[in-house]
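Working notes, structure below.
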Amino acid sequence: MKFSMLAIAAAAFASGVEGFAGTPLNNGFIVRNNHSLKMSAAVEVDTKTALATAANEARGLAMDSIAAAHSGHMGLPLGAAEIGATLYGGLLQYNAKDPKWMNRDRFILSAGHGSMFIYSWLNLAGYDLPMEEVKNFRQHHSMTPGHPEFPNSEHNTPGIECTTGPLGQGVANAVGFAASEKMAAATYNTEEHTIFDHHIFALAGDGCFQEGVSAEAATFAAHEKLDNLIVLYDSNEVTLDKMAEYTQSEDILKRYEAYGWEVFDIDGHDLDAVEEAISAAKANNNGKPKFIKCNTIIGKGMEETEGTNAAHGEAGVPYVDNAKKNIGLPVDEKWYVSEGTRDFFSGVQKANDEKYDEWQATYSAWSEANPELAKQLTDAIEDNVMPADEMIKAIPEMASDSEATRVSGYKAIQEISKLVPHYISGSADLHGSCRNYIDGAGNFGAGFDKSYSGKNLYFGIREHAMGSILNGFAYHGIFKASGSTFAVFVDYFRPTIRVASLAELGRVSYILTHDSIGVGEDGPTHQPVETVSGLRVIPNLDVYRPADAEETVAAFVSSVTRKNGPTALVFSRQNLDQNVDMPAMERREGALKGGYVAKKETEDLDIIILATGSEVQHALKAAADLPGARVVSVPCFEAFERQSDEYKESVLPSSCTKRIAMEAGVSGLWYKYASKVVGVDRFGFSAPGDIVMKELGMSPENLSEQIASM
């Protein structure tokens, strides 16, 4: 086979490993582990040569693509090439011909700026990512966007497991993947057949570990003993502005050991060391997630910038030709891949095919032995749920008296769990307040009364991690996940909601209670006024703020039947009146459309009163003595906007321009529909909720006064 000349030298360098636990390597790095490891045989020289060659050719692909785009980040693709070679060259369980195989290992590039790393390896490994797409890096409509993007309406790149870029989130997403795999194994494996036993890998850099979300998620992973999780730390001692020592001085291995992780410290350019560490991490089901610190040289192979913060981005573009020459690649041939490398990965695919075929035989036997479980799994993977218009009919009428929508939500989630077996929920230490606990479904995790088949997750007070873990569940592609906290705390994990929205994750939703100044005594720190509108401006996020129990049912149904984006369910702490003058099913059907006529005028239409959530009750009371008044409940702006022009005109006829809106929150967005808005454009204060509401104008009396002034 043909290999680049540098491969022989690289192989000879790599074969210099003398030991593992506590043994100095030839560059001074120490391989550290918290228990003794049994040495495996060294990587065979021919395989090692092939891997070293592939590593350099992957470097070449990254350099050529970034140079062509005049944009991108060279540091990680060049510095972590041996890690990619080891993973895709044999240690990652995958089938490039079936990138959605349910028992594949998952690889998450948390340091998403280094996206040419994964694009190079997907091409070399035989995924359907043509070289033309590698060449079109960062170009319009290419399969190789600037940061990896989960398949969506904009991009569909096989082998990309999640959208990354905001640093740290990928590590936390990986925790969600790992939890989902544990749940899938506990739910679907049987004593006779194992169909889920894969691992989750995340490659991350210094920035990922400086961001707090990774620490939140790491503590959750260790506490719940997610030993199927392997995090690879590309430790190159460089950040964008400065060398890493300028802003960090911690011993990260001691930190992760303290969390409860098993840690490794290796030379990330040494193929033997990388192979040994990853193999040991995969083999040891000891209840500890694995953290492998791979000491690397950023931008390795480009002598003008390697090892400096200049190597992080595209500063190395002028030096590409010289770097390619130095690592033995032809300068005059762009995007060069040797015949030997293609042959090597053909062999990898054959080996992967054997594992895949063995698994398929096991899966067939399992399906035959467990037909009901097999159907449940198929429905979960394909996200088969009954249509929304059928599901609202399958849930009994609430028949509620005055009731907080968080309480209505508790009743609704029990019904949703019955109708959608793959639905799970969790909370950031607020199950008791947010009321989203699924009765009889068990608690997820390790120890105490928990098991991995439990459907209720306890995230602790870790909202940012919760959001990322929920996204990880959604990306993993089996369960539909929701998580709860107080609405005012959504800002702790707003970045994860944004990513879920742009990644079009229909499998995730958020239960946000204590939705307004009606919270009362806790005061302005806990009274959201800008929060709901702040969520509404996120593209592709549905925000439901229901007015009563029946609208709450519709909101939940919408959240589990929506396929192309997440949903925020915003519920009240205080009791709300029920619109009993309108049949329950009509309220549900109207709420599914996002807006509907909650009270029709009895004379010629004179004024339209729009409201949402807890303010609909005030609108109904204010309209009671106004025969020309129409009340429109708008629980979800986004769903309403998706309706036909004819429907929207039937609800809000353009002929009636006299309109007023009311909501216990900032007023700005309502001017799209109304000429006058009764809102709360200030922070609240500490007092009983009814007093705060009245003092800030949220009452039928004040609404009536404002209508009279028009």
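Just the heavy atoms: all of them, side chains too, but no hydrogens, waters or symmetry mates, feed the values below.
Counting heavy atoms of neighbouring residues, nucleotides and ligands inside a 6.0 Å radius, atom NZ of Lys563 exceeds 12 of them. Around atom CD of Glu192, more than 12 heavy atoms belonging to other residues, nucleotides or ligands sit under 6.0 Å away.
Counted by atom type alone, Asp234 and Thr296 present one or more donor-acceptor pairs between their side chains at under 3.5 Å. Inspection of the Tyr437 and Asn443 side chains reveals an N or O donor paired with an N or O acceptor under 3.5 Å. Checking Tyr510 against Thr485 by side-chain atom types alone, no donor-acceptor pair falls below 3.5 Å. Side-chain atoms of Asp227 and Asn284 form no donor-acceptor pair, as typed in the model, at a separation below 3.5 Å. Looking only at atom types and distance, the side chain of Asn152 has no donor-acceptor partner in the side chain of Glu154 under 3.5 Å away.
In this structure the side chain of Asp353 reaches within 4.5 angstrom of the side chain of Asn95, judged on heavy atoms. Side-chain contact between His147 and Arg138 is present, with at least one heavy-atom pair separated by less than 4.5 Å. Looking only at side-chain heavy atoms (C-beta outward), Asn564 and Arg562 come within less than 4.5 Å of each other. Taking 4.5 Å as the limit, some side-chain heavy atom of Leu109 sits within range of a side-chain heavy atom of Leu76.
A distance of 4.0 Å separates CZ in Phe493 from CE in Met466, rounded to the nearest 0.5 Å. Between Leu92 atom CG and Asn352 atom CG the span is 8.5 Å, to the nearest 0.5 Å. To the nearest 0.5 Å, the span separating CG on Leu122 from CD on Glu133 amounts to 12.5 Å. The distance from the CG atom of Leu61 to the CG atom of Leu124 is 5.5 Å, given to the nearest 0.5 Å. Summarising the geometry, atom OH belonging to Tyr88 is positioned 4.0 Å from atom CD1 belonging to Ile118; distances are rounded to the nearest 0.5 Å. Rounded to the nearest 0.5 Å, atoms CD (Glu262) and CG (Leu229) are 12.0 Å apart.
A donor-acceptor pair under 3.5 Å is formed between the side chain of Lys480 and the backbone N or O of Val560. Put simply, the side chain of Glu149 never gets that close to the backbone of His155: no donor and acceptor are under 3.5 Å apart. Looking at His269, its side chain does come within 3.5 Å of a backbone N or O of Ile297 through a donor-acceptor pair. Using modelled atom types, one side-chain atom of Lys290 and one backbone atom of Lys288 make a donor-acceptor pair closer than 3.5 Å. When atom types are taken as modelled, the side chain of Ser180 and the backbone of Gly176 share no donor-acceptor pair closer than 3.5 angstrom. Using modelled atom types, no side-chain atom of Thr144 and backbone atom of Val134 make a donor-acceptor pair closer than 3.5 Å. Side chain of Lys182 to main chain of Asn228: no donor-acceptor pair is present (N/O by atom type, distance under 3.5 Å, no hydrogens or angles). Looking only at distances, no side-chain donor or acceptor of Ser214 sits under 3.5 Å from a matching main-chain atom of Gln210. Side-chain N or O atoms of Ser367 include none that pairs as donor or acceptor with a backbone N or O of Ala374 at under 3.5 Å. At distances below 3.5 Å, at least one donor-acceptor pair connects side-chain atoms of Asn189 with backbone N or O atoms of Phe196.
Ring pair Trp261/Tyr256 is perpendicular by interplanar angle, where above 60° counts as perpendicular and below 30° as parallel.
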*Can you check side-chain contact (heavy atoms from CB on, under 4.5 Å) on Leu470 and Phe459, steps first, answer last?*
CA-CA 10 Å; Leu470 292 174; Phe459 293 106; 4.1 Å; yes
*Applying side-chain contact (heavy atoms from CB on, under 4.5 Å), run through Phe201 and Ile83 and close with a yes or a no.*
CA-CA 11 Å; Phe201 292 87; Ile83 297 170; over 6 Å; no
_Between Ile200 and Ile108, is the side-chain contact (heavy atoms from CB on, under 4.5 Å) condition met? List the steps._
CA-CA 8 Å; Ile200 313 302; Ile108 294 103; 3.7 Å; yes
*Could you please spell out the steps behind the side-chain contact (heavy atoms from CB on, under 4.5 Å) verdict for Ile195 and Asn103?*
CA-CA 7 Å; Ile195 58 171; Asn103 199 40; over 6 Å; no
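A pairwise comparison of heavy atoms in Tyr233 and Gly205 identifies CE1-C, 4.0 Å as the closest pair. Between Ala50 and Phe344, the closest heavy-atom pair is CB-CD1, 3.4 Å. The two residues Gly112 and Pro148 have their closest heavy-atom pair at O-CD, 3.2 Å. Shown here for Ala215 and Tyr259, the closest heavy-atom pair between the two residues is CB-OH, 3.4 Å. Scanning all heavy atoms of the two residues, the minimum distance from Asn295 to Asp267 falls at O-OD1, 3.7 Å. Across Ser509 and Ser559, no two heavy atoms sit closer than the pair CB-CB, 4.1 Å.
With sequence neighbours excluded, the residues that form a ring-ring contact (aromatic ring centres under 6.0 Å, His included) with Tyr127 are Tyr94. In this structure, His199 has no ring-ring contact (aromatic ring centres under 6.0 Å, His included) partners at least two apart in sequence or on a different chain. Among residues two or more places apart in sequence or in another chain, the side-chain contact (heavy atoms from CB on, under 4.5 Å) test is passed with Ser427 by Leu430, His431, Asn436, Ser484. Remark: Ala380 engages Tyr188, His422, Ile478 in a side-chain contact (heavy atoms from CB on, under 4.5 Å) (not counting sequence neighbours). Considering only residues two or more places apart in sequence or on other chains, Lys225 meets the side-chain contact (heavy atoms from CB on, under 4.5 Å) condition with Ala446, Tyr452. Applying the ring-ring contact (aromatic ring centres under 6.0 Å, His included) test to Trp366 and every residue at least two apart in sequence or in another chain returns Tyr363. Residues meeting the side-chain contact (heavy atoms from CB on, under 4.5 Å) test with Glu250, sequence neighbours left out: Ile252, Arg255. When the ring-ring contact (aromatic ring centres under 6.0 Å, His included) test is applied to Tyr475, the partners found at least two apart in sequence or on another chain are Phe150.
Among pairs with a residue in residues 81-91, those fulfilling salt bridge (Lys or Arg N to Asp or Glu O under 4.0 Å) read Arg59-Glu82, at least two apart in sequence or across chains. For residues 157-178, the pairs satisfying side chain to side chain donor-acceptor pair (under 3.5 Å) are Arg104-Glu161, with sequence neighbours left out. Listed by first and then second residue, the side chain to side chain donor-acceptor pair (under 3.5 Å) pairs involving residues 490-508 are Ser153-Glu504 (not counting sequence neighbours). Screening residues 453-462 for side chain to side chain donor-acceptor pair (under 3.5 Å), with sequence neighbours left out, gives Thr219-Arg462, Ser451-Ser453.
A salt bridge does not link Glu275 to Lys48: none of the charged side-chain nitrogens sits closer than 4.0 Å to a carboxylate oxygen.
Annotation: Phe209 is in aromatic contact with Phe291 [ring centroid separation under 6.0 Å]. Taking the six-membered ring where the residue is Trp, the centroids of His198 and His476 are separated by under 6.0 Å.
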